K.L.:
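What follows is a structure written as structure tokens; I'll ask about it next.
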Amino acid sequence: MVVMTFFNHVGGAGKSSLTRDVGYTFGTWGLRTLLIDLDPQANLSSWLGVRGVPQERTVHDTAVDDQPLPEPYSVFGIDLIPSNIGLALAEARVLGVTGAQMHLRNHLQALREHYDAVLIDSPPSLGQLSVLGAIAADHLIVPVPTREKGINGIEGVGQALRSYRKLNPQLNVSLFVPTLFDRRQLHDKEALSAMRERLTPLASPIPYRAATWNDSTSAQQPVGVFAPGSEAHQHIQKLAQEVAQAVGLPVGAHHG
């Protein structure tokens with residue numbers, strides 16, 4: 001089982017959509033895949049059609065009370081432990097619990113035989129839920145918008161990583177992913193060029209296909225379900241292969 005956390009404290013980087021679409025792609029390859037939504041905004045959950053969940057079906061009790069992880073929901077051939085706005089309460093409560101930052105990591109160990117891949121969507125912040133997700137990870141996947149704010153946010157990612165390593169010394173960024181790339185914009189090209197100089201390993205850029213992304217999100221479906229074979233879907237499949245290679249998941253003859 002490989003645990004990867006999609007991580008960036010900068011909002012609007014594409015974490016939730018990439019978690020959804022890469023996770024769904026892994027499922028289509030036959031990998032036993034679990035998604036975990038740690039963001040109280042619950043975008044990942046609602047974008048997969050899972051809304052209004054009770055608190056006990058989120059990671060709240062695992063984070064705060066060291067309880068086993070709840071039974072996941074099944075969506076589009078993969079499993080999901082969703083989020084809700086109540087998870088924001090865990091943020092404050094975890095601070096008062098010694099060792100709570102390790103709870104998710106420890107309870108994921110019990111699922112080692114059940115899953116090949118676990119993908120965690122962390123909130124756009126550097127709060128306790130983000131710490132929980134990062135400490136639980138074997139690998140960080142960092143989406144970076146090809147914008148100035150994306151470049152500027154890299155320093156914060158590095159600082160966070162240094163502090164997380166105190167609890168998870170093996171933790172590394174296994175892949176940076178340039179997102180929202182618009183090749184018509186000089187600014188985007190310059191930002192991508194700067195990333196290529198500074199960030200390694202760097203995935204192929206994910207072009208901004210507003211219509212496909214927004215419509216699939218409105219339909220509460222992964223891009224691969226909503227628009228199979230589309231350009232956006234092809235880019236996701238390519239990224240999924242790059243992510244799998246970066247984290248050591250089998251990328252073989254069992255998928256196209």
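Note that the structure is predicted; figures quoted are calculated from it, not measured.
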K.L.:
Can you check side-chain contact (heavy atoms from CB on, under 4.5 Å) on Val131 and Val94, steps first, answer last?
P.N.:
CA-CA 10 Å; Val131 176; Val94 162; over 6 Å; no
K.L.:
Is there a side-chain contact between Ser17 and Thr217 in this structure, where contact means two heavy atoms from C-beta onward sitting under 4.5 Å apart?
P.N.:
no
K.L.:
Other residues, nucleotides and ligands only: do more than 12 of their heavy atoms fall within 6.0 Å of CD on Glu148?
P.N.:
no
K.L.:
Are any side-chain N or O atoms of Thr25 and backbone N or O atoms of Gln237, one a donor and one an acceptor, separated by less than 3.5 Å?
P.N.:
no
K.L.:
Consider only side-chain heavy atoms of I, L, V, M, F, W and Y, link residues closer than 4.5 Å, and tell whether Leu34 and Leu44 are in one cluster.
P.N.:
no
K.L.:
The test is side-chain contact (heavy atoms from CB on, under 4.5 Å); show your working for Leu111 and Val118 and say whether it passes.
P.N.:
CA-CA 10 Å; Leu111 303 180; Val118 178; over 6 Å; no
K.L.:
Looking only at non-hydrogen atoms, find the nearest pair between Thr179 and Ala13 and report the distance.
P.N.:
OG1-O, 2.7 Å
K.L.:
Measure the spacing between CD of Gln55 and CD1 of Ile85 and express it to the nearest 0.5 Å.
P.N.:
11.0 Å
K.L.:
Quick one about Ser230 and Arg209 (side-chain donor to acceptor, distance below 3.5 Å, no hydrogens or angles considered), yes or no?
P.N.:
no
K.L.:
Side chains of Gln109 and Arg112 only: does a donor on one sit below 3.5 Å from an acceptor on the other?
P.N.:
yes
K.L.:
Going from CD on Gln220 to OG on Ser45, what distance comes out if it is rounded to the nearest 0.5 angstrom?
P.N.:
11.0 Å
K.L.:
Please check if the side chain of His9 supplies one atom and the backbone of Ser125 the other of a donor-acceptor pair under 3.5 Å.
P.N.:
no
K.L.:
State the CD-CG distance between Gln170 and Asp138, to the nearest 0.5 angstrom.
P.N.:
9.5 Å
K.L.:
Determine, using the 4.5 Å side-chain heavy-atom cutoff (strictly less than), whether Leu175 and Leu31 are members of one ILVMFWY cluster.
P.N.:
yes
K.L.:
Do Thr212 and Val223 have side-chain heavy atoms sitting under 4.5 Å apart?
P.N.:
yes
K.L.:
Is it the case that the side chain of Ser46 and the backbone of Ala42 share a donor-acceptor pair, with hydrogens and angles ignored and the cut-off at 3.5 Å?
P.N.:
yes
K.L.:
Just checking Lys238: does its NZ atom have more than 12 heavy atoms from other residues, nucleotides or ligands closer to it than 6.0 angstrom?
P.N.:
no
K.L.:
Around Glu113, counting heavy atoms of other residues, nucleotides and ligands shown, do more than 12 lie under 6.0 Å from its CD?
P.N.:
no
K.L.:
Would the distance check show the side chain of Asp65 and the main-chain N or O of Gln67 forming a donor-acceptor pair, the cut-off being under 3.5 Å?
P.N.:
no
K.L.:
Do Asp61 and Pro70 come close enough that some side-chain heavy atom pair is under 4.5 Å?
P.N.:
no
K.L.:
Less than 3.5 Å apart, any donor N or O on the side chain of Asn172 or Arg165 sitting next to an acceptor on the other?
P.N.:
yes
K.L.:
Heavy atoms only: give me the nearest His103-Ala63 pair and the separation to one decimal.
P.N.:
ND1-O, 2.8 Å
K.L.:
Please determine which of Asp39, Asp37, Leu87 meets the side-chain contact (heavy atoms from CB on, under 4.5 Å) test together with Pro123.
P.N.:
Asp39
K.L.:
How many angstroms lie between CG in Leu129 and CD1 in Ile120, if you round to the nearest 0.5 Å?
P.N.:
11.5 Å
K.L.:
Quick check: are there more than 12 heavy atoms from other residues, nucleotides or ligands sitting under 6.0 Å from CZ of Arg183?
P.N.:
no
K.L.:
For residues Ala137 and Arg105, report the shortest heavy-atom separation together with the two atoms involved.
P.N.:
O-NH1, 3.4 Å
K.L.:
Quick check: is Val59 connected to Val3 through a chain of hydrophobic side chains (ILVMFWY, heavy atoms under 4.5 Å apart)?
P.N.:
yes
K.L.:
What about Phe76 and Val243, same hydrophobic cluster or not, with Ile/Leu/Val/Met/Phe/Trp/Tyr joined at side-chain heavy-atom distances under 4.5 Å?
P.N.:
yes
K.L.:
Are side-chain heavy atoms of Asp66 and His107 found at a separation under 4.5 Å?
P.N.:
yes
K.L.:
With the side chain counted from C-beta on, respond yes when Asp79 and Leu35 share a heavy-atom pair under 4.5 Å apart, and no when they do not.
P.N.:
no
K.L.:
Consider only side-chain heavy atoms of I, L, V, M, F, W and Y, link residues closer than 4.5 Å, and tell whether Leu167 and Leu161 are in one cluster.
P.N.:
yes
K.L.:
Do Ile135 and Leu104 have side chains that get closer than 4.5 Å, going by heavy atoms?
P.N.:
no
K.L.:
Is the shortest side-chain heavy-atom distance between Tyr24 and Leu119 below 4.5 Å?
P.N.:
no
K.L.:
Using a 3.5 Å distance criterion without hydrogens, assess whether the side chain of Gln128 forms a donor-acceptor pair with backbone atoms of Ala92.
P.N.:
no
K.L.:
May I have all residue pairs that pass ring pair (Phe, Tyr, Trp, His ring centres under 6.0 Å) and include part of residues 153-202, sequence neighbours excluded?
P.N.:
Phe7-Tyr164
K.L.:
Measure across Thr5 and Gly133 and return the closest heavy-atom pair with its distance rounded to 0.1 Å.
P.N.:
OG1-O, 2.7 Å
K.L.:
Of all the heavy-atom pairs spanning Val173 and Pro201, show the shortest one and how long it is.
P.N.:
O-CD, 4.1 Å
K.L.:
Hey, mind stepping through Ile78 and Tyr73 against side-chain contact (heavy atoms from CB on, under 4.5 Å) and telling me if it holds?
P.N.:
CA-CA 8 Å; Ile78 53 180; Tyr73 289 71; over 6 Å; no
K.L.:
Going by the side-chain contact (heavy atoms from CB on, under 4.5 Å) test, name the single residue among Leu202, Val177, Ile154 that passes it with Val144.
P.N.:
Ile154
K.L.:
Check whether Asp116 reaches the backbone of Arg32 with its side chain - one donor and one acceptor, N or O, closer than 3.5 Å.
P.N.:
yes
K.L.:
Among His235, Glu242, Gln241, which residue satisfies the side chain to side chain donor-acceptor pair (under 3.5 Å) criterion with Ser204?
P.N.:
Glu242
K.L.:
Rounded to the nearest 0.5 Å, what separation is found between the OG1 atom of Thr146 and the NZ atom of Lys149?
P.N.:
11.0 Å
K.L.:
Answer whether the closest heavy-atom distance between the side chains of Met1 and Leu108 falls below 4.5 Å.
P.N.:
yes
K.L.:
Please verify the inter-ring angle class for Phe26 with Trp29; under 30° counts as parallel, over 60° as perpendicular, anything in between as tilted.
P.N.:
tilted
K.L.:
With no hydrogens and no angle check, is any side-chain donor or acceptor of Asn84 less than 3.5 Å from a backbone partner on Val53?
P.N.:
yes
K.L.:
Is there a donor-acceptor pair under 3.5 Å between the side chain of Ser130 and the backbone N or O of Ser122?
P.N.:
no
K.L.:
Tell me whether Asp188 contacts the main-chain N or O of Arg147 through its side chain, where contact means a donor paired with an acceptor under 3.5 Å.
P.N.:
no
K.L.:
Using a cut-off of 6.0 Å, state whether more than 12 heavy atoms not belonging to Glu56 lie near its atom CD.
P.N.:
yes
K.L.:
Quick one: closest heavy-atom pair of Pro178 and Met195, and the distance?
P.N.:
CB-SD, 4.0 Å
K.L.:
Starting at CE of Met4, measure out to OG1 of Thr19 and round the result to the nearest 0.5 Å.
P.N.:
10.0 Å
K.L.:
Distance only, no hydrogens: is a donor on one side chain within 3.5 Å (strictly under) of an acceptor on the other, for Ser16 and Asp121?
P.N.:
yes
K.L.:
Would the distance check show the side chain of Arg57 and the main-chain N or O of Ser83 forming a donor-acceptor pair, the cut-off being under 3.5 Å?
P.N.:
no
